[in-house]
2 protein chains.
Amino acid sequence: MAEHTHHTNTEQAILEAAEREFLAKGFEGARTTSIARAAGVTHAMLHYYFRTKEKIFERILDEKMRLIGESVLTAFGQPGLPLPERLRQGIENHFDLLAAQADLPRFVVTEVFSHPERCEVMRRRIRRILDRLLVDLQRELDEAAARGEADPVDALTLLLDIISLNVFSILAYPLLAPLVGDPEGGRDRFFAMRKAENVAAIRKRILKIPER
Amino acid sequence: MAEHTHHTNTEQAILEAAEREFLAKGFEGARTTSIARAAGVTHAMLHYYFRTKEKIFERILDEKMRLIGESVLTAFGQPGLPLPERLRQGIENHFDLLAAQADLPRFVVTEVFSHPERCEVMRRRIRRILDRLLVDLQRELDEAAARGEADPVDALTLLLDIISLNVFSILAYPLLAPLVGDPEGGRDRFFAMRKAENVAAIRKRILKIPER
DNA sequence: TTTTGTGTTAACAATTCTGTTAAATAATTT
DNA sequence: AAATTATTTAACAGAATTGTTAACACAAAA
């Protein structure tokens with residue numbers, strides 16, 4: 001039998017089990033009894049610490065929404081490098097952050113994108129982050145364009161391109177992996193390929209069109 | 001009251017209601033009673049025509065998986081055009097097909113990506129479609145590269161780039177729309193912008209790097 | 001007209017799931 | 001130590017959900 005007494009932190013155990021359950025099955029699919037079992041506590045404990053299933057879910061969802069937003073900021077918010085290098089690093093960081101939590105994008109899609117009210121919450125977070133990022137990035141893009149080193153591009157557009165490429169790569173991995181590479185090289189190989197491609201695609205996106 | 005007798009096609013009514021319910025709420029979230037109510041039939045009729053909730057769901061899911069795969073094929077499977085034009089048309093067709101069924105990508109993500117066995121089914125469909133497409137497309141890409149009109153690119157890689165950009169645009173629309181354009185121009189404006197950007201990005205992806 | 005088979009209804013059975021409660025146990029304070 | 005507070009348990013209540021069944025209606029065939 002597992003330790004059943006004196007969880008110095010029952011609350012934490014519940015949260016961790018809940019995170020796994022909700023990420024794997026979504027809100028509707030998750031079962032509170034299953035969470036309790038996985039946490040090694042009685043079913044009633046869930047209602048003692050958090051009143052309802054919804055309350056537990058909100059804790060998890062909030063944390064994950066924060067993480068998704070944060071990943072964009074920490075990936076791209078490093079000024080001081082030359083533009084191509086900054087972009088390359090940003091894309092790779094962003095990709096790696098997502099790859100480290102590969103079930104996160106699917107969770108956000110299923111739980112946020114379909115619920116307008118949750119979209120609103122997420123949107124406010126994103127807005128704050130973009131406000132910090134875009135001005136800066138746009139300036140760099142404009143400067144590079146002025147120097148004739150790059151085509152003029154809208155910063156938000158470019159960022160959406162990056163996020164599209166990265167998120168879809170992670171999201172669709174279970175579907176795509178066997179299509180692209182060897183079956184046993186697997187995950188790492190696939191991720192390496194897609195990461196490189198996403199960098200290459202964005203590099204070219206800002207490339208100055210050669211005059212004839 | 002609605003017509004309650006002699007539905008010449010009760011089965012169809014159930015399927016249509018089920019499609020709406022499953023697409024909106026997913027398998028776990030969907031309620032058979034809710035489907036019955038929406039179809040205007042008794043709850044027991046669902047079990048008369050289809051034995052279980054699962055059976056109804058499979059019907060819908062199969063149809064939708066087919067549609068997603070088909071959209072790629074019908075969009076890109078039109079040879080005989082010059083490469084850049086063929087790509088532009090392919091991307092736009094694919095985008096439009098998805099936009100016409102905007103809740104489809106989310107449905108596939110929630111219901112397929114998280115279930116390995118469903119992934120396997122979907123993968124076989126995709127494989128068949130790609131086999132028909134890729135050889136042809138790769139040849140065109142190679143020819144263009146040989147003529148010095150384009151950089152050499154792997155066809156599957158390019159196709160994944162396109163699908164990433166298009167799918168994410170549709171998928172994340174509820175989240176992104178207010179971030180990008182005016183609030184009232186809304187959906188059409190957002191879609192038009194993203195579609196144009198995706199074409200532009202892929203165009204540049206195959207662009208030949210200018211020699212200095 | 002009787003029979004037969006399909007479609008339909010209403011009520012119900014069985015399960016599952018969330019949330020509650022009262023009592024027991026441990027920890028903390030006084 | 002006594003009292004108070006916090007945590008845990010076990011049993012249960014209530015609701016919702018899927019699936020079943022027996023009776024019924026109606027059409028077409030025999």
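Everything quoted here is computed from the prediction, not taken from an experiment. Numbered from 1 within each chain, the chains take letters A, B, ... in sequence-line order.
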Subject >> Basic-acidic side-chain contact under 4.0 Å: B:Glu11, B:Arg59 >> reply: yes
Subject >> Electrostatic pair B:Lys195:B:Asp188 at N-O distance under 4.0 angstrom >> reply: no
Subject >> Selection: residues 51-61 of chain A, any non-hydrogen atom under 4.0 Å of DNA chain D >> reply: none
Subject >> Residue-phosphate contact under 4.0 Å: A:Thr33 side-chain N/O, C:dT16 OP1/OP2 >> reply: no
Subject >> Atom-to-atom span, CD of B:Glu28 to C1' of D:dT17 - whole angstrom >> reply: 12 Å
Original post:
C:dG7 C1' sits how many Å from B:Phe50 CZ, rounded?
Top reply: 14 Å
Subject >> Partners meeting ring pair (Phe, Tyr, Trp, His ring centres under 6.0 Å) with A:His115 (sequence neighbours left out) >> reply: none
Original post:
If you find the nucleotide of DNA chain D closest to A:Tyr48 and the one closest to A:His43, which residue's nucleotide is nearer the 5' end?
Top reply: A:Tyr48
**OP:** Rounded off to whole Å, could you give me the CD1-to-P distance for the A:Ile14 and D:dT9 pair?
**Re:** 10 Å
**OP:** Could you check which of D:dT20, D:dT9, C:dT18 has an atom nearest any side-chain atom of A:Met45?
**Re:** D:dT9
**OP:** Would you kindly give the CG-to-P distance between A:Leu46 and D:dT7, to the nearest whole Å?
**Re:** 15 Å
Original post:
Just checking A:Thr32: base, sugar-phosphate only, or nothing, at a heavy-atom cut-off of under 4.0 Å?
Top reply: sugar-phosphate
**OP:** Could you state the atom-to-atom distance from OH of B:Tyr49 to C1' of D:dG19 in whole Å?
**Re:** 18 Å
Subject >> Sidechain N-carboxylate O distance under 4.0 Å for A:Asp103, A:Arg20 >> reply: no
**OP:** Answer yes or no: is there an ion pair linking B:Glu197 with A:Arg205, defined by an N-O contact shorter than 4.0 Å?
**Re:** yes
Original post:
With B:Asp62, which residues qualify under side-chain contact (heavy atoms from CB on, under 4.5 Å), at least two apart?
Top reply: B:Met65, B:Arg125
Original post:
So what does B:Ala36 touch, heavy atoms closer than 4.0 Å: a base, only the sugar-phosphate, or nothing?
Top reply: nothing
**OP:** Kindly say if A:His47 contacts the phosphate of C:dT20, meaning a side-chain N or O under 4.0 Å from OP1 or OP2.
**Re:** no
**OP:** Using the ring of A:Phe27 (Phe, Tyr or Trp, six-membered ring only), decide whether A:Lys53 places NZ or CZ under 6.0 Å from its centre and within 45 degrees of its axis.
**Re:** yes
Original post:
Tell me: CD of A:Gln12 to P of D:dT7, nearest whole Å?
Top reply: 15 Å
Subject >> Nearest-Å distance for atom pair CZ/C1', residues B:Arg31 and C:dT15 >> reply: 14 Å
**OP:** Using whole Å, report how far CD1 of B:Ile35 lies from P of D:dG19.
**Re:** 11 Å
